[in-house]
Protein chains: 2
Amino acid sequence: MSPRKSEGKELSKEMVLNEARKLFASVGYSKVSMRQLAKTLDCSHGAIYYHFKNKAEIFYSLVKTDFSLLNNKIDDIILTENNASQKIEKILLCFIEFGLTQQNHYAIMFLSKEKEIQHLLQLDSNKTYEKLISSLTDLTENKLNPASIWSIFLSLHGFITFYINTQLSYQDVKSLANFHVKNIMKSIE
Amino acid sequence: MSPRKSEGKELSKEMVLNEARKLFASVGYSKVSMRQLAKTLDCSHGAIYYHFKNKAEIFYSLVKTDFSLLNNKIDDIILTENNASQKIEKILLCFIEFGLTQQNHYAIMFLSKEKEIQHLLQLDSNKTYEKLISSLTDLTENKLNPASIWSIFLSLHGFITFYINTQLSYQDVKSLANFHVKNIMKSIE
DNA sequence: ACATTCATTGACCAATGGTTAATAAAGAAT
DNA sequence: ATTCTTTATTAACCATTGGTCAATGAATGT
């Protein structure tokens with residue numbers, strides 16, 4: 001038995017995260033076993049627990065990054081678009097695109113019944129919702145009350161959660177998403 | 001070893017279903033182990049497999065019943081309400097109420113990634129969606145195209161799926177549901 | 001060179017869904 | 001009532017899972 005590996009071959013957090021992202025996305029978080037992940041990393045599954053407290057913490061690290069990306073995308077749209085109505089439309093579509101591109105992450109972020117994960121993610125998902133609130137509030141010049149924005153969020157959420165269960169990509173349902181967003185915007189008048 | 005029980009104490013499908021319904025609702029389908037279920041039934045967990053092929057089939061039997069109940073409720077609303085607009089509102093609320101009252105079932109019905117369950121449920125969930133389509137189509141006198149109805153369904157779905165993950169009952173969020181439905185109906189004009 | 005710290009293995013644990021040979025109760029036939 | 005057949009059940013088994021931890025040699029520090 002020769003446990004510790006030579007310096008160049010040591011497991012790192014980044015290595016775990018990179019492989020985990022691939023597996024979670026292709027197989028699904030709950031379906032990926034720690035042993036499976038360890039196999040792709042060519043280490044024992046116990047080694048992963050040196051770097052991460054548990055499976056949920058691996059996931060949390062990935063999702064935290066993804067939330068940041070989404071927030072940045074929304075900021076970009078606000079900075080680059082001119083027309084307020086267009087901005088709103090693009091933000092809503094951006095949210096749907098995020099949900100369907102990171103399907104597995106979205107599912108766990110907003111739908112998971114794992115108490116551990118929910119606890120870890122509470123702050124991050126609140127931030128995203130707050131980003132949506134503030135941008136919609138600004139773009140509609142305070143004409144939308146919080147309940148209306150919430151209703152809009154839930155409608156987006158419905159689109160994403162439904163298509164998350166299909167094998168369809170964002171491109172597959174893009175026109176449906178466009179229509180859904182247009183429908184939602186009917187209530188902003 | 002004395003395997004078979006006396007006639008009055010034999011396990012039956014109904015006994016399994018009754019206990020399963022309670023446990024699935026209180027603990028959650030995926031968190032209920034077959035051994036846990038067997039314990040409440042005072043039998044071995046292997047005995048359950050004499051009556052049901054697997055865990056999914058127990059669930060399917062329960063859900064099939066619940067779908068029927070929902071469909072009947074929608075029929076009742078159509079028969080008893082007078083005003084078309086009121087009917088639509090009540091149907092949409094009825095759908096939300098169903099989703100939040102049978103939270104665990106709804107989650108599995110529409111959100112489960114278990115291929116086995118999805119396969120079993122495909123026909124039943126299509127029936128429910130078709131019930132929604134036909135009733136909305138009739139009540140709006142063909143003014144709504146299928147894509148709009150789909151959009152409405154997804155918005156309802158979003159409300160339900162979001163609150164399914166909270167410990168809130170339908171009564172807790174009833175006013176929010178009312179608002180959401182009113183918001184959705186803005187797009188039906 | 002020696003001591004300490006670190007990263008890892010592999011065996012362990014408790015738990016899970018599902019399977020199946022053995023078994024006695026239930027049911028049918030005589 | 002007795003015998004034979006069918007049925008419903010147990011308990012042991014299997015492979016798998018997430019997580020734990022003593023033992024171990026590489027890495028690091030003195």
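Hydrogens, waters and symmetry mates play no part in the numbers below; they use all other heavy atoms, side chains included. Letters go in sequence order (proteins before strands), and every chain restarts at 1.
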Q: May I have the distance from B:Leu37 (atom CG) to C:dT16 (atom C1'), rounded to whole angstrom?
A: 14 Å
Q. Regarding A:Ser68 and A:Asn71, is there a side-chain donor-to-acceptor distance under 3.5 Å anywhere?
A. no
Q. B:Tyr49 side chain: which of D:dT10, C:dT9, C:dT19 is closest?
A. C:dT19
Q: Could you grab the distance from atom NZ of A:Lys90 to atom CG of A:Leu139, nearest 0.5 Å is fine?
A: 13.5 Å
Q: Would you please say whether a donor-acceptor pair under 3.5 Å links the side chains of B:Ser175 and B:Asn178?
A: no
Q) Is there a side-chain polar atom (N or O) of A:His45 under 4.0 Å from OP1 or OP2 of C:dG10? A) no
Q: Would you mind reading off the distance between B:Glu57 atom CD and C:dG17 atom C1', rounded to a whole angstrom?
A: 15 Å
Q. Where the side chain of B:Lys55 is concerned, which of C:dG18, C:dT5, C:dT9 is the nearest nucleotide?
A. C:dG18
Q.
Output the rounded distance in Å from CZ (B:Arg4) to P (D:dT6).
A. 13 Å
Q. Between atom NZ in B:Lys39 and atom P in C:dA15, what is the gap in whole Å?
A. 10 Å
Q) Atom NZ of B:Lys9 to atom P of C:dA24: distance rounded to whole Å? A) 19 Å
Q | B:Glu10 or B:Gly46, whichever maps to the more 5' nucleotide of DNA chain C | A | B:Gly46
Q. Is atom NZ of A:Lys5 surrounded by more than 12 heavy atoms (other residues, nucleotides or ligands) closer than 6.0 Å?
A. yes
Q) Within the structure shown, what part of the strands sits under 4.0 Å from B:Ser44 by heavy-atom distance: base, sugar-phosphate, or nothing? A) base
Q | Options D:dT10, C:dA24, D:dC13, nucleotide nearest the side-chain atoms of B:Arg35 | A | D:dC13
Q. What's the CE-C1' distance between A:Met34 and C:dT9, to the nearest Å?
A. 15 Å
(Q) Using side-chain heavy atoms (C-beta onward) and a distance below 4.5 Å, is B:Phe153 in contact with B:Ile184? (A) no
Q. Whole-Å distance between C:dG17 C1' and B:Gln36 CD?
A. 14 Å
Q | Integer-rounded Å distance: C:dT8 P and A:Ile48 CD1 | A | 10 Å
Q. Taking only N and O in the side chain of B:Lys5, is any of them less than 4.0 Å away from OP1 or OP2 of D:dT9?
A. no
